[in-house]
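Here is the structure we will look at.
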2 protein chains.
Amino acid sequence: MKRNLEHIKYKEDTKTLAKFAKALGHPTRIAILKHLEKQSCCFTGDLVDVFPLAQSTISQHLKELKNVGLIQGELKPPKIKYCINQTNWKIAKSLFQQFFD
Amino acid sequence: MKRNLEHIKYKEDTKTLAKFAKALGHPTRIAILKHLEKQSCCFTGDLVDVFPLAQSTISQHLKELKNVGLIQGELKPPKIKYCINQTNWKIAKSLFQQFFD
DNA sequence: AAAACCAATCGTATTTTTACGATAAGAAAT
DNA sequence: ATTTCTTATCGTAAAAATACGATTGGTTTT
């Protein structure tokens, strides 16, 4: 963006929905979430085995999903166990639901 | 992306869902679609009045929504009437639905 | 105490996205 | 025929996203 257009006032729901959608806007992140849904939980290393991507790249995608609150990490030294954040998952679900009618 | 990683094989549904999500990943585009849902249809100019964005920017967002098939444009010279593409809308809806369970 | 393990972060390169103004293209009105 | 209206497209600039390798930090194992 060339200019600062953050003064555009969108409704809160619109912004939140866009934020979730953006996080889902990459096939790797969709695949990670599908994996988490099936497995219920998993470690970063599991994903590095599943996807032909560098560890740092996977970590980056996980961070993004964590930042929008769709997943959460629990320390299980020396690993980190990632799960879906059920609270926010439900929020996202209902936002998409009502968006599509 | 530094390297060509298009050889990563994602399932078709995963790619399609990510594509739709990406298109929804901007508040302006969410707002445009909400507007279209309410109005059922509208012209580019209407949107230019609603959003404090340049006409070319609105046009660009519309193009993106059209490219993923969420909307379609009908020539009503000298205007263009945009509507939601119901067929693809339903596909997107069901993909999100089954994704969220 | 040292080595090994796991995952985040840093630095960086490339590509894509987002926004704008200016221009072009088409039809309608004058 | 010229002007007006509407929208797409072009060119461009700035920012964000995507990917990688290398490094760092924290545990655990040896």
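Reckoned from all heavy atoms, side chains included, excluding hydrogens, waters and symmetry mates.
- The separation between A:Asp49 atom CG and C:dC5 atom C1' is 14 Å, rounded to whole Å.
- Rounded to an integer number of Å, the gap from A:Leu47 CG to C:dA8 P is 10 Å.
- Spacing between atom NZ of B:Lys81 and atom C1' of D:dT6 amounts to 16 Å, rounded to whole angstrom units.
- Contacts of B:Glu64 with the nucleic acid, taken as non-hydrogen atoms under 4.0 Å apart, involve only primed sugar atoms and P, OP1 or OP2.
- Side-chain to base pairing of A:Gln60 with D:dA17: no donor and acceptor N or O lie closer than 3.5 Å to each other.
- Contacts of B:Lys63 classified as side chain to side chain contact (heavy atoms under 4.5 Å, CB included), with partners at least two apart in sequence or in another chain: B:Asn67.
- Here the side chains of B:Ile71 and B:Leu33 are in contact, with some heavy-atom distance below 4.5 Å.
- Taking every heavy atom of residues 13-33 of chain B and every atom of DNA chain C, pairs under 4.0 Å involve B:Lys22, B:His26, B:Arg29, by number.
- In this pair, B:His26 and B:His61 present their aromatic rings tilted. The plane angle is within the 30 to 60° band.
- In this structure the side chain of A:Lys90 never reaches within 4.5 angstrom of the side chain of A:Ser94, judged on heavy atoms.
- Under the 4.5 Å side-chain criterion, counting only non-hydrogen atoms from C-beta, A:Phe96 is in contact with B:Leu24.
- Between A:Ser56 and A:Lys79, the residue whose closest nucleotide on DNA chain C is further toward the 5' end is A:Lys79.
- No hydrogens or angles considered: a donor-acceptor pair under 3.5 Å links the side chains of B:Lys34 and A:Thr14.
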Protein-to-nucleotide contact annotation, 5' to 3' order, nucleotides 23-30 of chain C [B base; S sugar-phosphate only; - none; under 4.0 Å, heavy atom]: ----SS--
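- Rounded to a whole Å, the CG atom of A:Asn67 is 13 Å from the C1' atom of D:dA17.
- In this entry the distance linking CG of A:Leu62 with P of D:dT18 reads 13 Å, nearest Å.
- In summary, the aromatic rings of B:Trp89 and A:Phe99 are positioned with their centroids under 6.0 Å apart.
- In this structure A:Lys81 satisfies the salt bridge (charged side-chain N to carboxylate O under 4.0 Å, His left out) test together with A:Glu74, sequence neighbours excluded.
- One interatomic measurement links the two molecules: CD of B:Glu74 to C1' of D:dT6, which rounds to 16 Å at whole-angstrom precision.
- Applying the 4.0 Å criterion to OP1 and OP2 of C:dT17, one finds that B:His61 has every side-chain N and O outside that range.
- Under the rule for a salt bridge (charged side-chain N to carboxylate O under 4.0 Å, His left out), the partners of A:Lys15 that lie at least two apart in sequence or sit in another chain are A:Glu12.
- Side-chain atoms of A:Lys63 lie closest to C:dT9 of the nucleotides D:dC20, C:dT9, C:dC20.
- Phosphate contact (OP1/OP2 of D:dT7, side-chain N/O of B:Ser59, threshold under 4.0 Å): absent.
- Between A:Ile80 and A:Gly73, the shortest heavy-atom contact is CG2-CA, 4.1 Å.
- Pairing each heavy atom of A:Ala18 with each of B:Pro27, the nearest pair is CB-N, 3.5 Å.
- Both key distances under 3.5 Å define a Watson-Crick or G-U pair, and stretches of 3 or more such consecutive pairs in DNA chain C run C:1-30 with D:1-30.
- At least one side-chain heavy atom of B:Cys42 sits less than 4.5 Å from a side-chain heavy atom of B:Leu36.
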